[in-house]
Amino acid sequence: MDHEKIVIQSSRITLKPFTAQDADESYVCITPTLTRFMSWEPPENRQVYDGIWQGWIQHIAEGSEYVFVIRHAESEEFLGLGGLHDVQSKTPELGIWIREDRHSAGYGKDAVTAIANWASSNFDFEHFIYPVAIENHASCRIAESLNGIAMYCTQKQKYKAVTYFIAKK
């Protein structure tokens with residue numbers, strides 16, 4: 001699959017694989033309050049972040065995972081990042097984060113739905129997994145809107161998590 005030609009479009013958003021040109025906009029949106037329900041912390045500095053996104057680009061090129069930049073379809077405003085991880089497994093993982101000043105507008109649901117639809121058309125797998133912090137009610141609602149079934153809970157370093165199984169689309 002030619003990753004440079006991937007464009008996932010919905011009525012409100014456009015998703016494209018992360019590139020070096022997306023680094024500045026994404027970096028400034030990663031805050032401690034944004035990541036409180038994520039398994040990772042904000043990068044210590046820009047140099048650390050550069051190493052992270054360069055890894056994403058390598059994984060995208062290999063086809064092992066996709067990190068997508070989410071932009072508003074009309075204005076092209078940066079909204080966040082979405083992920084499809086462990087692509088070659090039977091249970092790839094969906095992930096999402098939306099910049100804090102754009103929360104509660106439905107962009108996360110739009111993005112996860114778009115990624116799930118795209119992946120279902122392009123890969124062979126059993127179902128998605130979607131792990132979220134139990135207290136992250138917005139992400140739980142995203143999984144439930146996709147008919148996700150809460151399968152098990154685990155204690156992560158920062159929070160208790162529930163992992164949803166979401167069927168292929």
Report task. Please say whether the positively charged group of Arg71, taken as NZ for Lys or CZ for Arg, lies over the ring of Phe78, i.e. under 6.0 angstrom from the six-membered ring centre and within 45 degrees of the axis. Result -> no

Query raised in the report: Do Tyr152 and Tyr164 come close enough that some side-chain heavy atom pair is under 4.5 Å?
Result: no

Query raised in the report: Taking the inter-plane angle between the rings of Tyr27 and Tyr49 on a 0 to 90° scale, is it parallel (under 30°), tilted (30 to 60°) or perpendicular (over 60°)?
Result: tilted

**Report entry** Distance in Å, Thr91 OG1 paired with Ile166 CD1, rounded so as to fall on 0.5 Å steps
**Finding:** 12.0 Å

Query raised in the report: Is the gap between the ring centers of Tyr66 and Trp118 under 6.0 Å?
Result: yes

**Report entry** Nearest heavy atoms of Ser11 and Ala73, plus distance in Å
**Finding:** O-CB, 3.9 Å

Report task. Answer yes or no: is there a donor N or O on one side and an acceptor on the other, between the side chain of Asp86 and the main chain of Ser89, under 3.5 Å? Result -> no

Requested in this report: May I have the step-by-step check of side chain to side chain donor-acceptor pair (under 3.5 Å) for Thr33 and Glu100, ending in yes or no?
Outcome: CA-CA 8 Å; Thr33 52; Glu100 289 181 274; 2.6 Å; yes

Report summary line: When every non-hydrogen atom of Ile70 is compared with those of Ala111, the smallest separation belongs to CD1-CB, 3.6 Å

Query raised in the report: Taking the side chain as C-beta and beyond, is there a heavy-atom pair between Thr113 and Leu146 under 4.5 Å?
Result: yes

Query raised in the report: Charged N to carboxylate O under 4.0 angstrom, Asp124 versus Lys90?
Result: yes

Query raised in the report: Does a donor on one side chain sit under 3.5 Å from an acceptor on the other, for Thr14 and Gln9?
Result: yes

Query raised in the report: Looking only at heavy atoms, which two atoms of Ile134 and Ala161 are closest? And how far apart?
Result: CG1-C, 3.9 Å

Requested in this report: Measure the spacing between CD1 of Ile6 and CG of Leu15 and express it to the nearest 0.5 Å.
Outcome: 11.0 Å

Query raised in the report: What's the spacing between Thr163 OG1 and Glu93 CD if we round to 0.5 Å?
Result: 7.5 Å

**Report entry** Student check: side-chain heavy atoms of Cys140 and Val162 closer than 4.5 Å
**Finding:** yes

Query raised in the report: Is it true that the NZ or CZ of Lys168 lies under 6.0 Å from the centre of Phe125's six-membered ring and within 45 degrees of the ring axis?
Result: yes

**Report entry** Candidate pair Leu81 and Phe68, rule side-chain contact (heavy atoms from CB on, under 4.5 Å), full reasoning
**Finding:** CA-CA 6 Å; Leu81 299 179; Phe68 295 101; over 6 Å; no

Report task. May I ask you to check whether Gln54 and Gln58 show a side-chain donor-acceptor distance below 3.5 Å? Result -> no

Query raised in the report: So, does Glu144 use its side chain to make a donor-acceptor pair with the main chain of Ala150 at under 3.5 Å?
Result: no

Query raised in the report: For the residue pair Glu65 and Val87, what are the closest heavy atoms and their distance?
Result: CA-CG2, 3.6 Å

Query raised in the report: Side chains of Arg36 and Tyr159: does their closest heavy-atom pair fall under 4.5 Å?
Result: no

Report task. Describe, in one word, how the ring planes of Trp53 and Phe18 are oriented to each other, choosing from parallel (under 30°), tilted (30 to 60°) and perpendicular (over 60°). Result -> tilted

Requested in this report: Decide whether Ser39 and Gln157 meet the rule of one side-chain donor and one side-chain acceptor closer than 3.5 Å.
Outcome: no

Query raised in the report: Just wondering, do Val48 and Arg46 contact through their side chains at under 4.5 Å, heavy atoms?
Result: no

Query - Atom of Leu84, atom of Pro92 and distance for their closest heavy-atom approach - result: CD1-CB, 3.8 Å

Query - Salt-bridge criterion met for Arg99 and Glu77 (N-O under 4.0 Å) - result: yes

Report task. Would you give the length of the straight line joining atom NZ of Lys169 to atom CD1 of Ile115, rounded to the nearest 0.5 angstrom? Result -> 13.0 Å

Query raised in the report: Under 3.5 Å, is there a donor-acceptor pair between the side chain of Ser26 and the main chain of Ala23?
Result: yes

Query raised in the report: Can you list the steps and then say if Thr35 with Lys158 is a side-chain contact (heavy atoms from CB on, under 4.5 Å)?
Result: CA-CA 10 Å; Thr35 62; Lys158 292 168 48 176; 4.3 Å; yes

Report task. Answer with yes or no whether the side chains of Ser120 and Asn117 bring together a donor and an acceptor at under 3.5 Å. Result -> no

**Report entry** Nearest heavy atoms of Ile96 and Met38, plus distance in Å
**Finding:** O-CE, 4.2 Å

